[in-house]
S.K.: 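Structure provided below as structure tokens; questions to follow.
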Number of protein chains: 2
Amino acid sequence: MTSPTSSPGSPPRDRVTEHLVREAALTLFAQRGYHGTALRDIAAEVGIRTPSLYNHIESKQDLLRGIVLTTTEQVWSDFQAAVAGVNDVRERLRRAVVTYALRHAVHRREALIVNRDVESLEEPARSQVMALRRQHERAVREIIVEGAGAGVFGVSDPFLASFAILEMCVSVARWFDPAGPLSPEQVAAEHGVFALRLVGAPALPGTNRP
Amino acid sequence: MTSPTSSPGSPPRDRVTEHLVREAALTLFAQRGYHGTALRDIAAEVGIRTPSLYNHIESKQDLLRGIVLTTTEQVWSDFQAAVAGVNDVRERLRRAVVTYALRHAVHRREALIVNRDVESLEEPARSQVMALRRQHERAVREIIVEGAGAGVFGVSDPFLASFAILEMCVSVARWFDPAGPLSPEQVAAEHGVFALRLVGAPALPGTNRP
DNA sequence: CCTACCGATCGGTAGG
DNA sequence: CCTACCGATCGGTAGG
């Protein structure tokens with residue numbers, strides 16, 4: 001692949017791209033946190049000096065905003081796709097949980113940053129993110145409320161149960177090891193089983209392997 | 001209460017104490033993270049200037065170390081006290097979970113800091129903390145292994161189940177609201193129920209209120 | 001407990 | 001993409 005254009009005035013294509021910079025930020029923010037990462041570190045990671053970063057990004061805050069907003073939006077669209085057209089309330093809960101857990105195994109860095117550094121996000125992005133998160137939480141809780149109302153789930157407090165289930169999935173990002181014995185899909189499937197058990201639902205066929 | 005001693009050379013007792021400083025650090029580290037909190041902020045919180053902090057503490061790192069080490073040691077001793085002399089494996093798991101969840105509801109700030117900023121702890125404290133955490137994790141996992149071996153729990157992967165249960169308790173620190181409708185004890189008890197359901201154990205008497 | 005001050009580092013800009 | 005540099009802020013010390 002060669003440089004596609006060389007219109008007058010535009011600099012020659014360099015090796016470092018915006019994507020590479022955001023990728024480096026993702027890794028370092030996840031490891032050390034937003035405030036624990038210096039732009040100097042990110043620059044070094046991609047082999048340039050700090051000021052050159054500004055050819056690719058607007059600011060350090062811009063890096064955080066991109067990661068957190070994109071991830072939060074994807075959580076919501078993932079959820080909608082997962083439960084769309086599914087009528088059985090057990091299966092709807094299972095799919096919501098499997099999707100959410102899968103994301104936290106596959107996109108560990110993004111998840112860690114969203115949960116650790118959302119407080120460092122400036123307004124108005126922070127409020128947008130919080131609203132989207134609450135929307136997702138409410139939607140999952142409503143599945144539990146519906147299942148409890150129908151007598152399919154035995155749950156005394158849907159708030160408690162939904163937080164426990166959601167946060168159990170979130171924590172996958174903290175301990176999941178891609179080099180470990182289980183695939184993201186296996187971990188996600190097992191969390192679907194855990195969630196149904198937790199709400200006291202009768203097991204779905206084929207979900208309990210001894 | 002008056003100043004108890006005034007031995008020659010010792011300065012008069014001031015209003016600011018080491019405890020007050022550590023209390024302020026606890027609140028601010030929990031809110032903004034270790035790297036997001038300046039000593040200046042902590043000093044302002046207790047109404048003094050930054051250099052005066054050093055009459056009470058050794059360094060910023062010393063504040064973090066105190067919080068994280070103490071908390072981690074208490075988790076371990078809590079656990080030992082909770083399961084001591086309990087033979088039934090279901091009851092042992094339930095007590096371990098209730099104790100752990102209760103701590104995360106009552107000591108929210110400490111828990112948030114341990115989980116967010118342990119990476120900022122310098123050696124050798126960091127390794128000490130990690131070892132203690134692994135010890136606790138292993139002990140909980142062994143309860144699950146024992147229950148599974150005895151056929152009381154139906155669990156395909158004790159690692160997965162123990163992480164899910166433990167992290168569900170950890171997350172209590174993130175959403176628990178002391179002003180909310182549930183007491184720490186109620187939340188903790190409910191997590192005991194969740195844990196037993198999650199491992200597929202038959203319910204203990206009186207643990208399921210509709 | 002304070003003021004004065006230290007070197008180091010931060011995110012970011014000027015200018016090429 | 002770079003060097004040179006900015007003001008602000010950091011944790012911490014000197015000295016009283």
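Below, chain A is the first sequence line, B the second, and so on; all start at residue 1. Quantities reported herein were computed from a predicted structural model and do not represent experimental measurements.
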S.K.: Please name the residue in the list E167(A), E142(A), R138(A), R141(A) that meets the side chain to side chain contact (heavy atoms under 4.5 Å, CB included) test with S162(A).
M.R.: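 Of the listed options, the one satisfying the test is R141(A).
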S.K.: Round to the nearest Å and state the distance from R32(A) atom CZ to dT9(C) atom C1'.
M.R.: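 These atoms are roughly 14 Å apart.
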S.K.: Starting at the 5' end of DNA chain D and moving along, which residue's nearest nucleotide shows up first, H35(B) or G47(A)?
M.R.: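 The answer here is G47(A).
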S.K.: Between C1' on dG12(C) and CG on D62(A), what's the gap in Å once rounded to a whole number?
M.R.: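 Interatomic distance, CG of D62(A) to C1' of dG12(C): 13 Å.
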S.K.: Just one of T70(B), N115(B), L26(B) clears the side chain to side chain contact (heavy atoms under 4.5 Å, CB included) bar with E110(B), so which one?
M.R.: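 The residue from T70(B), N115(B), L26(B) that satisfies side chain to side chain contact (heavy atoms under 4.5 Å, CB included) with E110(B) turns out to be L26(B).
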S.K.: Using atom CZ of R40(B) as one end and atom P of dT3(C) as the other, report the distance to the nearest whole Å.
M.R.: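 So the CZ-P distance, R40(B) to dT3(C), works out to 11 Å.
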S.K.: For the side chain of R49(B), starting at C-beta, report the closest nucleotide among dC1(D), dC2(C), dG11(D).
M.R.: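 Minimum distance to the R49(B) side chain belongs to dC2(C).
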S.K.: Is there a donor-acceptor pair under 3.5 Å between the side chain of S171(B) and the backbone N or O of M168(B)?
M.R.: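 Answer holds: yes.
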S.K.: Provide the Watson-Crick or G-U wobble partner of dG11(C), both distances under 3.5 Å; none if there is no partner.
M.R.: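 Across any shown strand, dG11(C) pairs with dC6(D).
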S.K.: What nucleotide among dC10(C), dG11(C), dC1(C) has an atom nearest to a side-chain atom of V16(B)?
M.R.: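 Nearest listed nucleotide: dC1(C).
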S.K.: Which nucleotide wins on minimum distance to the side chain of I48(A), given the candidates dA14(D), dG11(D), dC1(D)?
M.R.: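 Shortest atom-to-atom distance from the side chain points to dC1(D).
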S.K.: Expressed in angstrom and rounded to an integer, what is the separation of L39(B) atom CG from dA8(D) atom P?
M.R.: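 My rounded result for the distance is 21 Å.
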S.K.: Closest approach to the side chain of N55(A), judged atom by atom: which nucleotide of dG12(C), dC1(D), dG11(D) is it?
M.R.: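 Of dG12(C), dC1(D), dG11(D), dC1(D) is nearest to the side chain of N55(A).
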S.K.: Side chain of P51(B) only, please: which of dC10(D), dT3(C), dG12(C) is the nearest?
M.R.: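 Among dC10(D), dT3(C), dG12(C), the one nearest the side chain of P51(B) is dT3(C).
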S.K.: Any sub-3.5 Å donor-acceptor pair from Y34(A)'s side-chain atoms to Q61(A)'s backbone N or O?
M.R.: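 Judged by distance alone, yes, a pair lies under 3.5 Å.
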S.K.: To the nearest angstrom, how far is L53(A) atom CG from dG12(C) atom P?
M.R.: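 In whole Å, dG12(C) P and L53(A) CG are 10 Å from each other.
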